[in-house]
Number of protein chains: 2
Amino acid sequence: MSAIRLVDDLAPSSASAEWIDSILKGDCVAAMERLPEKSVDVIFADPPYNLQLEGDLHRPDQSKVDAVDDAWDRFESFAAYDAFTRAWLLAARRVLKPSGTIWVIGSYHNIFRVGASLQDLGYWILNDVVWRKTNPMPNFRGRRFQNAHETMIWATRDQNAKGYTFNYDALKAANDDLQMRTDWLFPICTGGERLKDEAGAKVHPTQKPEALLARVLMASSRPGDVVLDPFFGSGTTGAVAKRLGRHFVGIEREQAYIDAATARIAAVEPLEAPELASMTGKRAEPRVAFVSLIESGMIAPGTLLSDARRRWTASVRADGTLAIGSEAGSIHRMGARVQGLDACNGWTFWHYEAGGKMQPIDDLRRQVRDGMVAAGA
Amino acid sequence: MSAIRLVDDLAPSSASAEWIDSILKGDCVAAMERLPEKSVDVIFADPPYNLQLEGDLHRPDQSKVDAVDDAWDRFESFAAYDAFTRAWLLAARRVLKPSGTIWVIGSYHNIFRVGASLQDLGYWILNDVVWRKTNPMPNFRGRRFQNAHETMIWATRDQNAKGYTFNYDALKAANDDLQMRTDWLFPICTGGERLKDEAGAKVHPTQKPEALLARVLMASSRPGDVVLDPFFGSGTTGAVAKRLGRHFVGIEREQAYIDAATARIAAVEPLEAPELASMTGKRAEPRVAFVSLIESGMIAPGTLLSDARRRWTASVRADGTLAIGSEAGSIHRMGARVQGLDACNGWTFWHYEAGGKMQPIDDLRRQVRDGMVAAGA
DNA sequence: TCCCCAGATGAATCTTGTA
DNA sequence: GTACAAGATTCATCTGGGG
């Protein structure tokens, strides 16, 4: 894991996986352009915040914006930052799988430009997430609020992207059975976690806490996924990815950071599979057709089903439909019909009587599923 | 206070103050262009968010969410929204005093475009401030994080603006002698504060809580200052300004909103004394997610937890769930499961071993919470 | 009068698989 | 690509009615 490669060592559009679990040395746009397209599940990017850029940004694109009165010099530097941002976001979009998602972290210095560029390039924002710092640096001059948070944007490749990973059920279970919100609280990276050089100076000025990356990756990736970080720095993304059983690809220009990250990642012990298993909800369960309850004899044709309060009753037919009077349809359609709604989950709406009590037919589905698991389906 | 005037009633660049403490009816750009330049101390703007909603959304109980589908929130494209944004920000900049500041509130739909436009026009961002909602609407489909905050940008007119108002000491005193941070916690506007029409329907779809405006104005204005709100809506800015002894100017296009705001503001009693600390103070009990103990390294994945009498044992997984055999769930669910109960407080039920003794994981929560309290969670 | 429970609701870019 | 159907999904708070 975590061999270092120069960007030039990669054959263009390489289909091999030699770049997996490694750090590519060089400019992130050039490096991403050499990776295969649609090859990465998640991108986590912590781009430079500094707007006083010293000419190492790339090719300004031709996007033209009306200049405003006396703001020309300032606009010049914003334009340079925007061009830089568009270039790397465009390259990132090419390597991202259609079902992949991207995270970008920033502060008020740059995050608005990043967010606007994301939208302009066709990315579709899913959430902005606030990292609230338990221990932010104080504001020394007392002329502003204490800058106590940073902002992350989470986005898909397109507005209509389907199938992106979001481990909703695990996040909810991990949060006292409440939905995970967009405001997260973590300490900044200090103490033993903070990488220091021999002189005791911090190796990287903006090392992110592993806890932050852990929540990002637990939320939006699965074991075995490939996580790309185009501004790898001290390698937090790689360290957490390895620990959580994800693959990583880092891109970094400075050898000192690469060296520090390489050593750091080498020392990481991956967690075992049982500890990595993530809770899934009903969405991940195999589909069960209602008719299979009839075919298996769990429900006999002619059985009467009711809602929990017995306001409506329907009769099961051998073809797996429900009949009420002369109307018939799926358990969902008929559940919606009787309630006058557009939609209804028939599995939880309809009940059968067992020992004088009303039980949802979803219980029977569970038995079928358990049987499927036992049969190794 | 709060007479209504049509924009055309104002003489161009009027030096008189007839527009003070009134609502101007009309388009905000046209209205601002008729106000004297450099005449306003603070601008608070709550522009349309450009939500881009498509279909209907239903709650799990099939009730329909009352979405913001008003015509004023619909734009053709990002370009159209940007043009709109630049136009009103430019007009706002003209009326703002050189020592004045502007606040703009938005969500991820629009705030990145607003922030970039602010920077492009020469405004200088002082802070971005997050309004964390105690009671946000849930995510009903379970495909994203619960959208639990909105973002405000606070900026001066220029990079080199001098003398803007920031009541550092008052804020610090109101915040238990800690610097006021950039993450603020307030409930959304409901209950008696929410304006309703005769039919009981909300007057305005996005009425902001007065507590939020109170902190904004207490932080960045002084008694007697003029506060401009170019998207006045239901008049929260005016009501709070009047109560806090500030002057207001509202601009609003729709007569229904003007009528509601006028009546509302007329009923406001200005405050004499600083009974305001209570409005800006802290709130709410911090909640700790079990997963944060794992993310922070206090509990390693794979750790075994037991009840106090060691009758049952469960394994901690990296996603923040507990596993017993093939079953997994939250600390509460699994505590209930093993005991055959409907509910269980996992924090007090589950224990970890430390020095041969069983300690409840609630002890770890206390440690995390102590760290959170400093952050004003 | 007070408690309890059912119902309503809030700036929302809110699904996925198969034909 | 599109159409259709299966089916998964909510938290804090306030209001109002009944006991």
Side-chain angles (χ1 to χ4, degrees), chain A residues 99 119 123-128 154-156 159-164 166 168-169 172 175-182 280-291 320 329-333 335-336 342-350 361-362 365, chain B residues 46-70 72-75 78 105-111 131 133-151 187-194 196 200-202 204-209 231 233 284 287:
Chain A
S99 64
Q119 292 178 313
Y123 287 100
W124 191 247
I125 298 179
L126 295 170
N127 284 117
D128 59 336
W154 182 43
T156 55
Q159 175 171 0
N160 300 314
K162 302 286 180 222
Y164 64 87
F166 179 57
Y168 174 80
D169 297 286
K172 184 174 172 180
N175 189 41
D176 273 26
D177 292 318
L178 294 173
Q179 296 188 330
M180 190 64 80
R181 301 167 37 117
T182 50
T280 57
K282 284 186 176 176
R283 278 193 180 92
E285 300 281 317
R287 283 210 176 186
V288 173
F290 178 66
V291 71
S330 73
I331 54 173
H332 313 294
R333 284 280 140 249
D342 287 337
C344 167
N345 185 338
W347 289 108
T348 50
F349 178 75
W350 294 110
I361 57 175
D362 208 26
R365 179 169 66 161
Chain B
D46 183 10
Y49 287 9
N50 188 24
L51 285 186
Q52 305 178 240
L53 303 176
E54 301 200 338
D56 289 340
L57 179 64
H58 293 87
R59 298 184 179 79
D61 65 5
Q62 300 301 326
S63 64
K64 184 165 172 256
V65 174
D66 183 19
V68 177
D69 53 2
D70 306 70
W72 49 255
D73 197 50
R74 286 197 286 272
F75 292 82
F78 283 133
I105 185 167
S107 65
Y108 67 85
H109 311 85
N110 71 322
I111 199 65
W131 168 29
K133 304 180 184 182
T134 57
N135 48 351
M137 192 185 297
N139 182 291
F140 294 117
R141 308 307 294 269
R143 295 296 292 142
R144 303 182 178 194
F145 298 98
Q146 182 185 23
N147 202 0
H149 75 277
E150 294 187 28
T151 301
I188 61 175
C189 182
T190 58
E193 188 185 326
R194 188 89 196 215
K196 304 276 174 62
K202 54 191 176 194
H204 194 279
T206 70
Q207 185 180 339
K208 295 293 177 287
F231 305 97
R287 188 195 310 280

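All figures in this text were calculated on a predicted structure; none of them were measured in a lab. Letters A, B, ... mirror the listed sequences (proteins, then strands); counts begin at 1.
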Practice prompt. Determine the contact category for I125(A): base if any of its heavy atoms lies under 4.0 Å from a base atom, sugar-phosphate if only primed atoms, P, OP1 or OP2 are that close, otherwise nothing.
Written response: base

Worksheet item: When every nucleotide of nucleotides 3-9 of chain D is labelled 5' to 3' by its protein contacts under 4.0 Å (heavy atoms), B for base, S for sugar-phosphate only, - for none, what sequence of letters results?
Response: ---SBBB

Worksheet item: dT13(C): syn or anti, with syn meaning chi within 90° of zero?
Response: syn

Worksheet item: Does N175(A) have any side chain to side chain contact (heavy atoms under 4.5 Å, CB included) partners at least two apart in sequence or in another chain, and if so, which?
Response: L178(A), M180(A), A289(B)

Worksheet, complete the sentence: Annotated structure of DNA chain D as dot-bracket, pair cut-off 3.5 Å, Watson-Crick or G-U only, | for inter-strand, is .|||||....|||||||||

Discussion item. Expressed as a whole number of angstroms, how long is the span from F145(B):CZ to dC11(D):P?
Written reply: 15 Å

Worksheet entry | Six-ring centre of Y164(A), R144(B) cation under 6.0 angstrom, axis tolerance 45° | no

Worksheet item: Could you give the CD1-to-C1' distance, from I188(B) to dC14(D), as a whole number of Å?
Response: 11 Å

Worksheet item: Can you name the side chain to side chain donor-acceptor pair (under 3.5 Å) partners of H332(A), sequence neighbours left out?
Response: none

Discussion item. Going by the rule salt bridge (charged side-chain N to carboxylate O under 4.0 Å, His left out), which residues pair with R333(A) if we only count those two or more places apart in sequence or in a different chain?
Written reply: none

Discussion item. Under 4.0 Å between a side-chain nitrogen and a carboxylate oxygen: does that hold for D362(A) and R365(A)?
Written reply: yes

Worksheet item: Considering heavy-atom distances to DNA chain C, does Q52(B) or G163(A) have its closest nucleotide positioned more toward the 5' end?
Response: Q52(B)

Discussion item. Taking side chain to side chain contact (heavy atoms under 4.5 Å, CB included) as the definition, give me every residue that meets it alongside C189(B), ordered by chain and number, with sequence neighbours left out.
Written reply: E193(B), R194(B), Q207(B), P209(B)

Practice prompt. Just jot down the side chain to side chain donor-acceptor pair (under 3.5 Å) partners of W154(A), sequence neighbours excluded, or say none.
Written response: T101(A)

Fill in: Test side chain to side chain donor-acceptor pair (under 3.5 Å) applied to K208(B) - qualifying residues, sequence neighbours left out
D46(B)

Worksheet item: NA contact type, N160(A), heavy-atom cut-off 4.0 Å: base, sugar-phosphate, or nothing?
Response: nothing

Without placing hydrogens or testing angles, list every side-chain donor-acceptor pair under 3.5 Å for residues 53-60 of chain B, not counting sequence neighbours.
{"residue": "E54(B)", "atom": "OE2", "partner": "Q159(A)", "partner atom": "NE2", "Å": "3.1"}
{"residue": "R59(B)", "atom": "NH1", "partner": "S63(B)", "partner atom": "OG", "Å": "3.2"}
{"residue": "R59(B)", "atom": "NH1", "partner": "K64(B)", "partner atom": "O", "Å": "3.3"}

Discussion item. Suppose we screen for side chain to side chain contact (heavy atoms under 4.5 Å, CB included). Which residues come up paired with D66(B), at least two apart in sequence or across chains?
Written reply: K202(B)

Response to the item:
The first and last nucleotides of DNA chain C lying within contact of chain A, meaning any atom under 4.0 Å from one of its heavy atoms, run from dT13(C) to dG17(C)

Worksheet item: For P209(B), which contact category applies under a 4.0 Å heavy-atom criterion: base, sugar-phosphate, or nothing?
Response: nothing

Fill in: With K196(B) via side chain to side chain donor-acceptor pair (under 3.5 Å) - residues at least two apart
none

